Amino acid sequence: MKITHLVWLRNDLRCQDNPALHFAFLEASSLQEGIAVLVTPTPKQWAKHNESDAKTGLRAGLINTLSSTLAQLGIPLHCLDTETFETLPELIAQFCTSNNIKHFWFNRDLPIHEQQRDQAVCETLKSLDISCHVQATDLIVPRDVLSQQGTPFKVFTPFFNRWITLLAEQDITPFPAPEKQADALTVKPLDLPWAKPYRDDLWPADQDIAKQKLWQFCHHKERHYKESRDYPIEPATSTLSPYLALGALGPRQCLEAIFYTCNQEERRWQDSIWLKELAWRDFYRQLMAHFPALCMNRPFKPETDALIWRHNNAEFQAWCEGKTGFPIVDAAMRQLNQTGWMHNRLRMIVASFFTKLMFADWRKGEAYFMSKLIDGEFAANNGGWQWSASTGCDAAPYFRVFNPTRQSETYDKNGDFIRRFVPELSKLDAKSIHDPKPEQRKLCKYPAPIIDYKPARLAAIAAFDELKGR
DNA sequence: TGGTTTTTGAT
DNA sequence: TCAAAAACC
């Protein structure tokens, strides 16, 4: 069997529900031909994009697992190492020519640099008479979700309503994995020198385990998600984001699990709050595709570029290291630093603290998150930071400033989450742990607050007020 | 997906 | 007097 079709995988490292892989296989087998898979690590490019060691580590593991899975199906996985996107067209072209590849497949990527990369690759290949087949992007609703005026939505709720309508109309069956095309291949682990260690005890690099985690979540926790998701001590959220970010799990596989579970439990899938979170993922990705300025360091609301952010390096360092003297903020940042992941409620708390109380440039916070997050993904991360900073589309109103202590009392009532990540405070009682007295701080060797909350809040609001008057 | 201050309305 | 609602940032 001649291998003439090549499927290029990037952030869609899975066999199941993978449009490019599925359609390439169908097409190839109808011609009695075979497919191969290509991955092209670009560590230098990832570094430019601030990709974290954790995400890189998980990616390496997933590539290896995928390689074994594909080998069972007789599908070879090739890995072409390079440094940046610039060298890819030439490298891929060479590979295709010397391996007699005639058809090239991939799933559309939305960030601007990635789009430019893909376009350059396609142009080079087309000049060599290799056909390029660009498949649906990795969203639940891959079509443009547009308002009646044909414009992209700038507010989430109307987007969501339209999104739900389109979703109800579309076929939601995930694409099956390719079938066995040849005898199983023997593979040895790939040499991936850029791989970094990460918390593989929390996120095993295995697509099947990701899928198991998905179904367990839907079976046991999805129905309680609405009430319990805001409490970081509860194991209530899916923690599937690292897998979604690298495409070890596809969003439509999540949808399938939601449909099944809601059906079983006689609930309406439209009411699933977890589904709504997945809609946010689609929303921010589509937004990024419609507004390329977002990929170029620009705020969604241009007028907010006139804000003069404070830049206090000592405060920035304290925030990064989890030494702000606000227990809930510090617990959250230490969770991020230690595990590569942070609970969503805490992401809002630390981002509000950073952008409003420290009044630091949201782009610096965004970059730090990317450099640590195992699930770091441009659109959602940028969207979240701009939401917090009130510079974004459908963002928090500028006067919405989280009071870290109130948030802590509400969402970590007993202080157990703080105790887990700020052990020096573990002896304090549930009342004082949210804002220890000066004597207690001294005793616990815990820093004094780096910010005076009340005036900081007023200053942030005043800065935005001034913007209006200009 | 907030927080604080002011007003209201039931005692 | 106080808690809930509303108004405001």
Side-chain angles (χ1 to χ4, degrees), chain A residues 153-161 163-164 222 224-234 236-239 241 271-284 287 300-301 303-304 307 326-329 332 335-336 341-359 362 365-366 369 373 375 377 379-413 417 434-435 449 451-470:
Chain A
F153 288 100
K154 294 178 185 169
V155 181
F156 176 75
T157 306
F159 168 90
F160 181 68
N161 294 333
W163 184 85
I164 283 278
E222 207 277 337
H224 304 122
Y225 184 75
K226 188 178 180 185
E227 301 78 54
S228 51
R229 63 179 172 144
D230 270 325
Y231 302 92
I233 193 68
E234 302 288 340
T237 61
S238 76
T239 62
S241 51
D271 299 335
S272 163
I273 299 300
W274 193 53
L275 178 67
K276 204 171 203 169
E277 295 302 315
L278 291 166
W280 275 102
R281 179 178 178 280
D282 275 23
F283 177 62
Y284 280 138
L287 197 72
F300 188 85
K301 291 180 184 160
E303 69 273 19
T304 61
L307 288 165
F326 288 81
I328 195 68
V329 173
Q335 179 180 43
L336 173 65
W341 184 86
M342 192 195 292
H343 185 279
N344 187 247
R345 166 60 49 181
L346 301 176
R347 295 190 198 201
M348 293 191 279
I349 295 174
V350 302
S352 178
F353 184 88
F354 188 90
T355 58
K356 300 286 172 70
L357 299 182
M358 283 165 58
F359 211 66
W362 55 273
E366 180 196 2
F369 261 37
L373 281 173
D375 61 16
E377 183 266 304
N381 189 48
N382 181 270
W385 273 93
Q386 294 219 41
W387 182 86
S388 287
S390 302
T391 64
C393 145
D394 197 17
Y398 69 89
F399 46 77
R400 187 176 288 170
V401 179
F402 284 36
N403 179 329
T405 310
R406 293 287 102 71
Q407 291 280 320
S408 185
E409 288 163 352
T410 308
Y411 299 110
D412 188 29
K413 204 165 190 314
F417 184 81
H434 305 288
D435 181 17
I451 295 284
D452 189 356
Y453 173 73
K454 270 193 176 178
R457 169 177 174 271
L458 292 175
I461 293 172
F464 273 94
D465 271 334
E466 201 177 329
L467 207 57
K468 267 194 313 193
R470 285 159 55 98

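Owing to the predicted nature of the structure, the values given are computational and were not obtained by experimental measurement. Chain identifiers are assigned alphabetically (A, B, ...) following the order of the sequence lines, protein sequences preceding nucleic acid strands; residue numbering begins at 1 within each chain.
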* Asked: Reckon Phe156(A) touches a base, only the sugar-phosphate, or nothing at all at heavy-atom distances under 4.0 Å?
  -> nothing
* **Ser408(A): side-chain contact (heavy atoms from CB on, under 4.5 Å) partners, not counting sequence neighbours** => Ile328(A), Ile418(A), His434(A)
* Asked: Taking only residues two or more places apart in sequence or in another chain, which ones pass salt bridge (charged side-chain N to carboxylate O under 4.0 Å, His left out) with Asp435(A)?
  -> Arg441(A)
* Structure fact -> Taken in chain and number order and not counting sequence neighbours, the residues that satisfy salt bridge (charged side-chain N to carboxylate O under 4.0 Å, His left out) with Asp271(A) are Arg268(A)
* Structure fact -> First and last nt of DNA chain B near chain A, cut-off under 4.0 Å to heavy atoms, 5' to 3', are dT1(B) to dT4(B)
* Asked: Residues in side-chain contact (heavy atoms from CB on, under 4.5 Å) with Lys413(A), at least two apart?
  -> none
* To do: Determine whether the side chains of Asn381(A) and Tyr284(A) contain a donor N or O and an acceptor N or O closer than 3.5 Å.
  => no
* side-chain hydrogen bond (donor to acceptor under 3.5 Å, both in side chains) against Ser272(A), all qualifying residues, sequence neighbours excluded -> Glu222(A)
* Which residue pairs pass the salt bridge (charged side-chain N to carboxylate O under 4.0 Å, His left out) test when at least one of the two sits in residues 394-411 of chain A, sequence neighbours left out? -> Arg406(A)-Glu409(A)
Result block: side-chain N/O donor-acceptor pairs under 3.5 angstrom for residues 455-462 of chain A, not counting sequence neighbours:
none

Could I get a table of every N or O pair under 3.5 Å where one atom is in the protein and the other is in nucleotides 5-9 of chain C?
none

